[in-house]
Amino acid sequence: MAQSLSFLLALSLLAFVPLCLCDKTLGGYLYPQFYDHSCPRATEIVKSVVAKAVAREARMAASLLRLHFHDCFVQGCDASVLLDSSKSIITEKRSVPNQNSARGFEVIDEIKSALEKECPNTVSCADILALAARDSTELSGGPNWEVPLGRRDSKGASLSGSNNNIPAPNNTFQTILTKFKRQNLNIVDLVALSGSHTIGNARCTSFRQRLYNQSGNGLADFTLDQSYAAQLRTRCPRSGGDQTLFFLDFVSPTKFDNSYFKNLLASKGLLNSDEILITKSQVTKQLVQQYAENTELFFEQFAKSMVKMGNISPLTGSRGEIRKRCRKINSINRTA
């Protein structure tokens with residue numbers, strides 16, 4: 001037991017990283033005060049719009065948080081997920097993880113419009129995503145943290161990157177861990193960031209196989225609580241109803257807390273990618289147990305892991321641009 005705790009402590013220390021993982025020689029780095037002089041009200045404006053959006057629809061908090069995840073796991077935190085298709089771009093919105101699923105783009109548009117009125121050509125869409133994710137978490141009852149800023153926006157998107165790099169609900173544990181490691185995120189980050197499933201929804205199509213044919217033998221997933229499975233089957237049939245929504249955390253679906261981890265320990269994690277955290281690795285299982293017992297510990301690590309994720313390959317200095325509209329790259333003749 002002592003060895004196990006020492007191992008977990010070592011892993012936790014690995015997740016405590018500096019605020020900046022960027023190469024300063026490429027023209028700058030991320031820091032929370034980036035807009036203090038160029039756009040002093042930037043963070044205030046972002047939070048105001050996010051607060052109104054979440055007040056209108058509580059689900060929007062999870063949607064905005066998820067956009068930041070899906071952005072950062074594809075060629076870094078560069079707002080590529082926001083780009084629509086054009087002559088030179090195939091949008092990431094068409095990818096398997098995003099199609100009929102990613103949402104909240106109109107809220108980002110509203111934030112960007114307000115910021116362009118306040119301080120034109122200054123605040124990047126990538127930074128808007130990072131701030132909106134933090135604000136969504138806090139407004140739902142979760143932790144607050146300082147968001148390092150200074151990212152710039154990409155001039156392209158990657159449909160293949162979106163299809164291949166974002167962890168999927170039916171991926172194996174090893175595949176998910178590998179996808180995290182590719183982004184320099186470790187096993188502690190994996191468990192802490194999975195805790196974002198304490199809010200939001202998943203579609204029937206994302207977990208149907210657990211209810212009817214988990215291993216190709218026509219049987220349900222035996223690791224799923226059977227009474228919970230029976231309840232899910234009433235609204236998620238063998239065929240049809242693909243887009244029917246279910247709470248990821250049925251106990252407190254719009255409150256950012258540690259109920260998600262308690263659900264996992266009760267064999268009531270909705271997605272396969274949730275349940276494998278307690279069935280496929282002793283290390284992740286022990287972390288789940290710790291977070292289920294200690295909300296403060298979960299919040300602290302979630303904030304650290306979010307900062308770490310937000311530092312994945314940002315464009316800084318003269319790389320990229322500051323988009324005028326988040327859905328389109330700037331005109332070829334316009335300098336960023």
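Just so it is clear, the structure is predicted and the values come from calculations on it, not from any experiment. What's counted below: heavy atoms across the whole structure, side chains too, no hydrogens, waters or symmetry copies.
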Asker: Hey, are the side chains of I312 and L185 touching, using non-hydrogen atoms and a 4.5 Å cut-off?
Answerer: yes
Asker: Heavy atoms only: give me the nearest C125-L82 pair and the separation to one decimal.
Answerer: CB-CD1, 3.9 Å
Asker: Check for me, please, whether I45 and L67 land in the same ILVMFWY cluster - side-chain distances under 4.5 Å, paths through other members count.
Answerer: yes
Asker: Shortest non-hydrogen contact from L224 to G269?
Answerer: CD1-O, 3.6 Å
Asker: Mind listing the closest non-hydrogen atom pair of G310 and C77 along with its distance?
Answerer: O-SG, 3.5 Å
Asker: Rounded to the nearest 0.5 Å, what separation is found between the NZ atom of K308 and the CD atom of Q183?
Answerer: 11.5 Å
Asker: Heavy atoms only: give me the nearest N272-N170 pair and the separation to one decimal.
Answerer: CB-OD1, 4.3 Å
Asker: For E44, enumerate each residue passing the salt bridge (Lys or Arg N to Asp or Glu O under 4.0 Å) test, keeping only those at least two apart in sequence or located in another chain.
Answerer: R41
Asker: Whether the T91 and R327 side chains hold a donor-acceptor pair (N or O, under 3.5 Å, no angle test) is what I'd like checked.
Answerer: no
Asker: Could you tell me whether the side chain of N144 and the main chain of R134 form a donor-acceptor pair under 3.5 Å?
Answerer: no
Asker: Are Y35 and D127 close enough that a side-chain donor and a side-chain acceptor fall under 3.5 Å?
Answerer: yes
Asker: Going by the angle between their ring planes, with limits at 30° and 60°, are F180 and F73 parallel, tilted or perpendicular?
Answerer: perpendicular
Asker: Sequence neighbours excluded, which residues qualify as ring-ring contact (aromatic ring centres under 6.0 Å, His included) partners of F247?
Answerer: none
Asker: Just checking, is any N or O donor in the side chain of S259 or S252 under 3.5 Å from an acceptor N or O on the other one?
Answerer: yes
Asker: Mind running side chain to side chain contact (heavy atoms under 4.5 Å, CB included) on E321 and S124 for me, showing each step along the way?
Answerer: CA-CA 8 Å; E321 64 182 11; S124 70; over 6 Å; no
Asker: Using the side chain to side chain contact (heavy atoms under 4.5 Å, CB included) rule, take I108 and L129 through it: C-alpha gap first, then chi angles, then the decisive distance, then the call.
Answerer: CA-CA 7 Å; I108 301 300; L129 284 173; 3.8 Å; yes
Asker: Where do R59 and L245 land on the side chain to side chain contact (heavy atoms under 4.5 Å, CB included) test, with the steps shown first?
Answerer: CA-CA 11 Å; R59 179 190 172 200; L245 294 174; 3.4 Å; yes
Asker: Mind running side chain to side chain donor-acceptor pair (under 3.5 Å) on S113 and R325 for me, showing each step along the way?
Answerer: CA-CA 8 Å; S113 177; R325 294 176 58 200; over 6 Å; no
Asker: Is there a donor-acceptor pair closer than 3.5 Å between any side-chain N or O of S281 and the backbone N or O of V283?
Answerer: yes
Asker: Is L248 reachable from I199 through a run of hydrophobic residues whose side-chain heavy atoms are each under 4.5 Å from the next?
Answerer: no
Asker: Identify whether V46 and L65 are in the same connected component of the hydrophobic contact network (ILVMFWY, side-chain heavy atoms under 4.5 Å).
Answerer: yes
Asker: I need the L64 CG to F105 CZ distance, nearest 0.5 Å.
Answerer: 10.0 Å
Asker: Going by salt bridge (charged side-chain N to carboxylate O under 4.0 Å, His left out), name the pairs with one or both residues in residues 214-243, residues two or more places apart or in two chains.
Answerer: R208-D242, R210-D221
Asker: Show the numbers, then the answer: is there a side chain to side chain contact (heavy atoms under 4.5 Å, CB included) between S194 and L264?
Answerer: CA-CA 11 Å; S194 294; L264 292 188; over 6 Å; no
Asker: Side-chain atoms of residues 47-58: list all donor-acceptor pairs with protein atoms under 3.5 Å, sequence neighbours left out, distances to 0.1 Å.
Answerer:
{"from": "K47", "atom 1": "NZ", "to": "E138", "atom 2": "OE1", "distance (Å)": "2.9"}
{"from": "E57", "atom 1": "OE1", "to": "R103", "atom 2": "NH2", "distance (Å)": "3.1"}
{"from": "E57", "atom 1": "OE2", "to": "R103", "atom 2": "NH2", "distance (Å)": "2.9"}

Asker: Distance-only, no hydrogens or angles: does the N98 side chain make a donor-acceptor pair with backbone N or O of E92 under 3.5 Å?
Answerer: yes
Asker: In Å, rounded to the nearest 0.5 Å, how long is the span from CG of D189 to CG of N184?
Answerer: 10.0 Å
Asker: Do any N or O atoms from the side chain of D71 and from the backbone of D78 form a donor-acceptor pair under 3.5 angstrom?
Answerer: yes
Asker: Indicate the ring-plane relationship of Y29 and Y31, choosing parallel, tilted or perpendicular according to the 30° and 60° boundaries.
Answerer: tilted
Asker: Under a single-linkage definition using a 4.5 Å side-chain heavy-atom cutoff for Ile, Leu, Val, Met, Phe, Trp and Tyr, are F302 and V288 assigned to the same hydrophobic cluster?
Answerer: yes
Asker: Rounded to the nearest 0.5 Å, how far does CG of L190 lie from CD1 of I176?
Answerer: 7.0 Å
Asker: Mark yes when over 12 heavy atoms from residues, nucleotides or ligands other than E296 sit less than 6.0 Å from its CD; otherwise mark no.
Answerer: no
Asker: Tell me whether the rings of F298 and Y291 are parallel (<30°), tilted (30 to 60°) or perpendicular (>60°).
Answerer: tilted
Asker: Looking at residues at least two apart in the chain, or sitting in another chain, which of them share a side chain to side chain contact (heavy atoms under 4.5 Å, CB included) with I90?
Answerer: R94, L159
Asker: I'd like to check the side chain to side chain contact (heavy atoms under 4.5 Å, CB included) partners of P120; sequence neighbours left out, ordered by chain and number.
Answerer: E116, K324
Asker: So, for P97 and H70, which heavy atoms are closest and what is the spacing to 0.1 Å?
Answerer: O-CE1, 3.7 Å
Asker: Are there more than 12 heavy atoms of other residues, nucleotides or ligands under 6.0 Å from atom CZ of F250?
Answerer: yes
Asker: Treating Ile, Leu, Val, Met, Phe, Trp and Tyr as nodes and any side-chain heavy-atom pair under 4.5 angstrom as an edge, say whether V74 and I89 lie in one connected cluster.
Answerer: no
Asker: For K280, is there any backbone N or O sitting under 3.5 Å from a side-chain donor or acceptor partner on K285?
Answerer: no
Asker: Check whether more than 12 heavy atoms from other residues, nucleotides or ligands sit under 6.0 Å from atom NZ of K179, and answer yes or no.
Answerer: yes
Asker: Starting at CG of L211, measure out to CD of Q231 and round the result to the nearest 0.5 Å.
Answerer: 11.0 Å
Asker: Do you know which of R152, R151, K155 makes side chain to side chain contact (heavy atoms under 4.5 Å, CB included) with L315?
Answerer: R152
Asker: Could you grab the distance from atom CG of L177 to atom CG of N171, nearest 0.5 Å is fine?
Answerer: 11.5 Å
